[in-house]
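Below is one structure, written out as structure tokens; the observations come after it.
These numbers come from the heavy atoms of this one structure, side chains and all, not from hydrogens, waters or symmetry mates. Counting begins at 1 with the first residue of the sequence. Atoms within a ligand are numbered from 1 in the order they appear, just like the ligands themselves. These numbers were taken from a predicted model, which means no experiment stands behind them.
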Amino acid sequence: MDNFPFARRTNWRQETNDLNKVLEDFGSRHIPVLDLTASNPTGCGFSYPEGMLSALNSLENLQYLPDACGMKKARRDVARYYARQKVTVSPDNIILTASTSEAYSFLMRLLVNPGEKILIPRPSYPLFQFLLEINDVHFEQYPLHYDGQKWRLDTLALERLVDSKTKAIILVNPNNPTGSYISPAELNFLNELCGKHQIAIISDEVFFDYALGAGDFVSLSGNQKALTFALGGLSKTLALPQMKCAWILASGPQVILKEALSRLEIIADTYLSVNTPVQNALGLWLEQAPEMQAQIIARVKENGQWLSTHLSGHTEILALQGGWYATLRIPAVKSEEEWVLEFLKEDHVSVYPGYFFDFDREAYIVISLLPPASVFQEAAGRIMKRLAKI
Ligand SMILES: Cc1ncc(COP(=O)(O)O)c(C=O)c1O
């Protein structure tokens, strides 16, 4: 088995890192850890709207009426969700998938030949590397810079990375973990660049509804000026990652859009991966989204507020427009790895090191703002106490 010729794309380093070794050791010795990496909303004590599960109890679920892009009525429900946000979209431009990750895979298969590339933001969502490698897609990172008040796209650097092999630019709007949205000026730039070079835009908008205030930002759902795929899904919109339903909303110049949709339909038809009960429940669930989102936004704001009033003098919270995470700059007197191990071993608090998201310098940590306030305050308080000792 040692020499079995597995595909090279799966030659990942799989050894357990030091952080996970400590976590495993604590787990085996039943030592509790306060988890500030918690990003699974189902474990964070939110109340799900009553009646949510009864939406699954329908005789319609005993019928299988496969439709490649998702059942028409479910796609209409997603279109209605956009309409409530004053975005008019046709259900025909929506393709349902089992997850955003699957949506990315479909788009890679649609857009990119082996050896061609995609541009992704840095810092950003760590899963990109795997999602792209699994699909034999090369990638390069374009930088986002923090100017002390706001994260900005480095438009010059992005433009320099574009060449004849570039097939798509991925945006995360708002970005994970920086919580930064795309501004109208950045969208104009992207539309011009992508139109000129025949590049598609993939805008991951799973956190879009979690803005912490009004601001100068835009959604790319329905963007007409370049071939655009906006991604959304239940894992964040409704805090229901276990229900496995997401979507691609395609838009852009009509002729290219039509061709993209008919090719995507064939890709989706090959898998038919979205289950029927969830599609039947989608209409009711999406109507309940504001109730779920209000709870989460209140939690994120409460934890964020607490953090900003209890910051150690040596620490800075980077400005946050939305999303579920806070990024903290901490003194680079030791490496992120050393800090994070110290928080874990000494304070029994787990946080993300900045390198996990590919920040271009040290030292940053990223913490989730989802945990219940009492857990959050205890955990973040321990970290601040340690940082105050420097
Ligand atoms: C930016 C971003 N996109 C997508 C996802 C995952 O979405 P899904 O569960 O639909 O695959 C996550 C999960 O944390 C995320 O942070």
Side-chain angles (χ1 to χ4, degrees), residues 35-44 46 70 74 78 81 94-108 118-132 134-135 139 141-142 144 151 153 168-182 201-211 217 219-221 229-249 268 271 273-275 278-279 282 285-286 289 292-293 296 300 320-327 351-352 354 356-359 366-371:
D35 187 7
L36 285 184
T37 68
S39 52
N40 174 356
T42 65
C44 291
F46 295 108
V78 176
Y81 156 80
I94 292 167
I95 297 107
L96 298 186
T97 60
S99 64
T100 322
S101 294
E102 187 181 62
Y104 276 115
S105 271
F106 285 9
L107 292 172
M108 297 306 117
I118 287 225
L119 303 180
I120 61 172
R122 171 182 185 173
S124 196
Y125 183 40
L127 203 65
F128 283 141
Q129 183 191 339
F130 293 95
L131 282 173
L132 299 181
I134 288 171
N135 285 290
F139 65 91
Q141 295 169 304
Y142 64 87
L144 306 177
W151 287 90
L153 253 180
I169 296 176
I170 292 181
L171 316 173
V172 185
N173 186 30
N175 190 27
N176 170 3
T178 59
S180 47
Y181 284 82
I182 295 294
I201 303 177
I202 299 170
S203 184
D204 180 333
E205 306 205 338
V206 295
F207 287 109
F208 196 85
D209 298 332
Y210 295 95
F217 56 78
S219 165
L220 276 79
S221 48
F229 303 96
L231 309 184
L234 297 193
S235 70
K236 307 294 184 277
T237 291
L238 268 158
L240 290 176
Q242 75 278 32
M243 294 304 176
K244 294 286 147 203
C245 182
W247 54 83
I248 302 169
L249 166 60
Y271 294 92
S273 51
V274 189
N275 72 79
V278 162
Q279 294 186 72
L282 208 52
W285 286 356
L286 286 171
M292 263 334 283
Q293 291 171 5
I296 295 179
V300 164
L320 188 63
Q321 289 179 290
W324 294 357
Y325 305 97
T327 301
V351 303
Y352 288 119
F356 199 70
F357 303 89
D358 244 344
F359 280 76
V366 171
I367 61 178
S368 167
L369 297 170
L370 286 188

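The nearest heavy-atom contact from the protein to atom 5 (C) of ligand 1 is Tyr125 OH, 3.2 Å. Regarding atom 9 (O) of ligand 1, its nearest protein heavy-atom neighbour is Ser235 OG, 3.2 Å. Of all protein heavy atoms, the one lying nearest to atom 16 (O) of ligand 1 is Asn176 ND2, 2.7 Å.
Within the structure, the closest approach of Pro241 to ligand 1 does not fall below 4.0 Å when heavy atoms are considered. Distances shorter than 4.0 angstrom occur between a heavy atom of Lys236 and an atom of ligand 1. Contact annotation: Gly233 has no heavy atom less than 4.0 Å from any atom of ligand 1.
Considering backbone and side-chain N/O of Asp204, one or more are found under 3.5 Å from N/O of ligand 1. For a threshold of 3.5 Å applied to N or O pairs, the pair formed by Tyr104 and ligand 1 contains no separation below that value.
Under the 30°/60° scheme for interplanar angles, the aromatic rings of Tyr181 and Phe217 are found to lie parallel.
To the nearest 0.5 angstrom, Leu370 atom CG is 9.0 Å from Asn40 atom CG.
Side-chain polar atoms of Glu102 and Ser273 form a donor-acceptor pair below 3.5 angstrom.
Contact annotation: for Thr100 versus ligand 1, heavy atoms closer than 4.0 Å belong to both the backbone and the side chain.
Asp35 places none of its side-chain heavy atoms less than 4.5 Å from the side chain of Pro371.
Ring centroid separation for the pair Trp247 and Tyr81 comes in under the 6.0 Å cut-off. Between Phe128 and Phe139, the ring centre distance reaches or exceeds 6.0 Å.
Residue contact check: Val172 has heavy atoms under 4.0 Å from atoms 1 (C) of ligand 1.
Residue Phe46 places its CZ atom among more than 12 non-hydrogen atoms of other residues, nucleotides or ligands, all under 6.0 Å distant.
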